[in-house]
2 protein chains.
Amino acid sequence: MRNSKAREIILEELKGLTTHPRGDELYDIVRQKLPRISLSTVYRNLNVMRQNGLALELHCGDYNRYDANIMPHNHFLCRRCERVWDVEAGSLPEPASAGALSGFRLEGQYTVFHGLCADCAASTG
Amino acid sequence: MRNSKAREIILEELKGLTTHPRGDELYDIVRQKLPRISLSTVYRNLNVMRQNGLALELHCGDYNRYDANIMPHNHFLCRRCERVWDVEAGSLPEPASAGALSGFRLEGQYTVFHGLCADCAASTG
DNA sequence: TTAAGTGCAAATAGTTTGCCAGAGT
DNA sequence: ACTCTGGCAAACTATTTGCACTTAA
């Protein structure tokens, strides 16, 4: 992985965000600094950065979201309205059996909580 | 949601699996009992079942996976080879601030661990 | 001086939807 | 009857890829 202006700016912009944007949202942001960049370059670099541990791809709901923060990202996903909320990290889970993960290098984790949000729970009873 | 033979069999087959299959994999399995069912019917019913809390859609890696078990499902996703492992549940995370989830109905959760698997960690050093 | 990176356009593929016919209550 | 459901085919859309050119080391 050698240096590239595009990747540098993508990572810089991603680091400045706490919103874990989708690929196309990050594209819109990066384009303000690099107007001629293409969407495929953004996705390509997000993949390169993810493979190299510089960015995290969060699978939550219908879209992939990206983040440059290694902090745990916990979400609540409502099965009815499909909205996604951030949930502050509480006690965090540890991989249960060390044996099962022997030799693995654990770098991070995120938890997806699911159920009904307050609105949907209220309207369902 | 009224009764339907298709939905009944889809749910029955899904309950019999511990592999959290993708939509198309479940389609192949269900087709053995209902040869004329279509892929869209499987997806449609998975969505209906998910919205009604009968099935869980897991977002981990590149595909949506489905499960009828409410037990926590933890996975390890290797950022290099992109393989996914099941991880036995250890201590599980609780939503940190009860206030942030006030009124929410928490029905389940799953955690995605990420990093390098043993093979990729070994070949990288 | 060579392999990685880029822009553009086209392709891929998981998933959804329109439509009309069929089945549950 | 009334409307939820299913099969089929076509559409949708986030993401990836082929290609020819450019750039970093």
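Just so it is clear, the values below take in all heavy atoms, side chains as well, and ignore hydrogens, waters and symmetry mates.
- Tracing side-chain contacts under 4.5 Å through hydrophobic residues (I, L, V, M, F, W, Y), one reaches A/Ile29 starting from A/Leu46; they form part of the same cluster.
- Applying a 4.0 Å cut-off to non-hydrogen atoms, the residues of residues 34-49 of chain A that approach DNA chain D are A/Leu39, A/Ser40, A/Tyr43, A/Arg44, A/Asn47, listed by residue number.
- Applying a 4.0 Å cut-off to non-hydrogen atoms, none of the residues of residues 15-31 of chain B approaches DNA chain D.
- We find that OH of B/Tyr63 is positioned 13 Å from C1' of C/dT15, with the value rounded to whole Å.
- Using cut-offs of 30° and 60° on the angle between ring planes, the pair B/Phe104 and A/Phe76 is perpendicular.
- Taking a heavy-atom distance under 4.0 Å as the criterion, the stretch of DNA chain D touched by chain A extends 5' to 3' from D/dA14 to D/dA25.
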(request) Run the numbers on A/His114 and A/His75 for side chain to side chain donor-acceptor pair (under 3.5 Å), then give the verdict. (result) CA-CA 8 Å; A/His114 51 91; A/His75 296 106; over 6 Å; no
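- Distances shorter than 4.0 Å separate some side-chain N or O of B/Asn3 from OP1 or OP2 on C/dT25.
- Side chain of A/Asn52 to main chain of A/Leu54: no donor-acceptor pair is present (N/O by atom type, distance under 3.5 Å, no hydrogens or angles).
- Scanning for side chain to side chain contact (heavy atoms under 4.5 Å, CB included) contacts around A/Glu25 gives A/Pro21, A/Arg22, A/Arg65, with sequence neighbours left out.
- The closest side-chain heavy-atom distance from B/Arg50 to B/Leu56 is not below 4.5 Å.
- B/Arg80 has no carboxylate O lying under 4.0 Å from a charged side-chain N of B/Asp119, or vice versa, which leaves the two without a salt bridge.
- The aromatic rings of A/Tyr43 and A/Tyr66 lie perpendicular to each other, with more than 60° between the two planes, well past the 30° mark.
- The pair A/Arg7-A/Glu12 does not meet the salt-bridge criterion, since no charged nitrogen lies less than 4.0 angstrom from a carboxylate oxygen.
- Looking at A/Glu13 and A/Arg31, no side-chain N of the basic residue comes within less than 4.0 Å of a carboxylate O on the acidic one, giving no salt bridge.
- Remark: C1' of C/dA23 and CZ of B/Arg7 are 12 Å apart, rounded to the nearest angstrom.
- Rounded to whole Å, the distance from CG on B/Asp62 to P on C/dG14 is 10 Å.
- Electrostatic pairing of B/Glu107 and A/Arg79 counts as a salt bridge here, judged by a charged N lying under 4.0 Å from a carboxylate O.
- Over its length, the helix from C/dT1-D/dA25 to C/dT25-D/dA1 turns its helix axis by 40°, as judged from the five terminal pairs at each end, rounded to 10°.
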(request) Begin with the C-alpha distance, continue with both residues' side-chain angles, and end with the deciding distance and a verdict on side chain to side chain donor-acceptor pair (under 3.5 Å) for A/Asp86 and A/His20. (result) CA-CA 10 Å; A/Asp86 286 322; A/His20 22 277; 3.0 Å; yes
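- As rounded to whole Å, 15 Å separates atom P of C/dG14 from atom NE2 of B/His59.
- Every pair tested for salt bridge (charged side-chain N to carboxylate O under 4.0 Å, His left out) that includes a residue from residues 36-46 of chain B fails, sequence neighbours excluded, so the list is empty.
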